[in-house]
Amino acid sequence: MKGPYSYSSAMTTTLIGYARCSTDSQDLTAQKQALESLGVAPDRIYTDHGLTGTNRARPGLDQAIAAGREGDTLVVPKLDRLARSVPDARAIADQLQKKGVKLALGASVYDPTDPMGKMFFNILATFAEFEADLIRMRTREGMAIARAKGKLRGKQPKLSDKQQRELCRLHATGDYSISDLADVFSVSRPTVYRTLNRHQT
């Protein structure tokens, strides 16, 4: 059957795992355990730590794709660990297709050379991007409500400790540019840079 299929129905293949977390404070253990439970050997797992899905410069992912040979399968626990936008997901799918490497999301395998597999991949990528957009929208709405209630007092020369921590947390997700953060917190771009630099030291 075309489209996603389980490992049990797939031909013998080398499994290459990939795991990623967005911040240095997050742990990759759960993702590694999930990959191992799917049959990926520990020495075949490539990782990126502290890099967001919107950042395409991911050396671990590049190494994982480079390690793949025709007939192999790249395994990731969830699509959002691989890509957080439709263009990025499609670019990765194109790379895998050129190498003849399949993609496994959990226990379901997608063959990018198969029309149905490619369609499922694009649908999943669309939902991943939609989810990321929802998170950004909800955060913006939450900050707007807080500002309307007076919890955020408009442009201030300094942010409260809580606001500074929240600003740094949002920046670490990789989903917000400096301009976005300046707008959300109603501060200038230099204030955002100073806040980030202060918390990096």
Side-chain angles (χ1 to χ4, degrees), residues 3-7 10-114 117-136 169-177 180:
Y5 53 97
S6 66
Y7 288 131
M11 61 181 290
T12 302
T13 178
T14 298
L15 303 181
I16 300 167
Y18 175 68
R20 176 188 61 78
C21 62
S22 300
T23 67
D24 291 329
S25 62
Q26 292 177 327
D27 192 358
L28 288 169
T29 301
Q31 290 184 55
K32 288 181 178 179
Q33 290 175 343
L35 290 171
E36 290 178 27
S37 70
L38 292 168
V40 182
D43 61 350
R44 290 279 185 174
I45 297 176
Y46 297 83
T47 63
D48 280 318
H49 202 254
L51 296 175
T52 67
T54 54
N55 182 357
R56 186 58 186 87
R58 286 161 280 175
L61 176 59
D62 292 338
Q63 292 167 17
I65 294 176
R69 298 292 182 266
E70 186 173 359
D72 290 346
T73 300
L74 176 65
V75 186
V76 292
K78 293 173 58 180
L79 181 63
D80 63 2
R81 298 298 88 196
L82 183 68
R84 293 300 298 272
S85 72
V86 174
D88 186 28
R90 286 175 178 163
I92 295 171
D94 288 342
Q95 285 183 278
L96 297 177
Q97 181 175 355
K98 290 178 181 177
K99 294 175 68 71
V101 175
K102 298 178 179 63
L103 172 69
L105 305 176
S108 297
V109 183
Y110 298 83
D111 186 345
T113 64
D114 174 73
K118 191 171 185 178
M119 181 189 74
F120 276 108
F121 188 92
N122 287 336
I123 290 173
L124 289 170
T126 300
F127 277 110
E129 184 175 45
F130 177 65
E131 182 181 16
D133 287 341
L134 277 181
I135 292 173
R136 284 191 289 267
R169 186 189 70 79
L170 293 178
H171 180 263
T173 67
D175 293 331
Y176 295 84
S177 67
D180 288 336

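Positions are given from 1 along the sequence. Owing to the predicted nature of the structure, the values given are computational and were not obtained by experimental measurement.
- Two residues are said to be in side-chain contact when any heavy atoms from C-beta on lie closer than 4.5 Å; Leu28 and His49 meet this criterion.
- In terms of the side-chain hydrogen bond (donor to acceptor under 3.5 Å, both in side chains) criterion, Ser37 has no residue partners (sequence neighbours excluded).
- For the pair Asp48 (side chain) and Arg20 (backbone), a donor-acceptor distance under 3.5 Å is absent.
- Separation of atoms CG (Leu103) and CG (Leu82) is listed at 6.0 Å; rounding is to 0.5 Å.
- Taking the side chain to side chain contact (heavy atoms under 4.5 Å, CB included) definition, one finds that Ala67 meets it with Ile16, Tyr46, sequence neighbours left out.
- The minimum heavy-atom distance between Lys32 and Ile45, with the atom names listed, is O-CD1, 4.0 Å.
- Not counting sequence neighbours, the partners of Ala41 by the side chain to side chain contact (heavy atoms under 4.5 Å, CB included) test are Asp43, Arg44.
- With rounding to the nearest 0.5 angstrom, the OG1 atom of Thr14 is 10.0 Å from the CZ atom of Arg69.
- Residue Lys99 qualifies as enclosed at atom NZ: its count of foreign heavy atoms under 6.0 Å is above 12.
- The nearest pair of heavy atoms linking Val101 to Leu74 is CG1-N, 3.8 Å.
- A distance-only check finds no donor-acceptor pair linking the side chain of Gln31 to the backbone of Pro77 [under 3.5 Å].
- Atom CG of Asp72 and atom CD1 of Ile65 lie 13.0 Å apart (nearest 0.5 Å).
- When all heavy atoms of Leu61 and Tyr18 are compared, the closest pair comes out as N-CE1, 3.3 Å.
- The minimum heavy-atom distance linking Leu170 with Thr173 is given by the pair O-OG1, 2.6 Å.
- A pairwise comparison of heavy atoms in Ala64 and Gly17 identifies CB-O, 4.4 Å as the closest pair.
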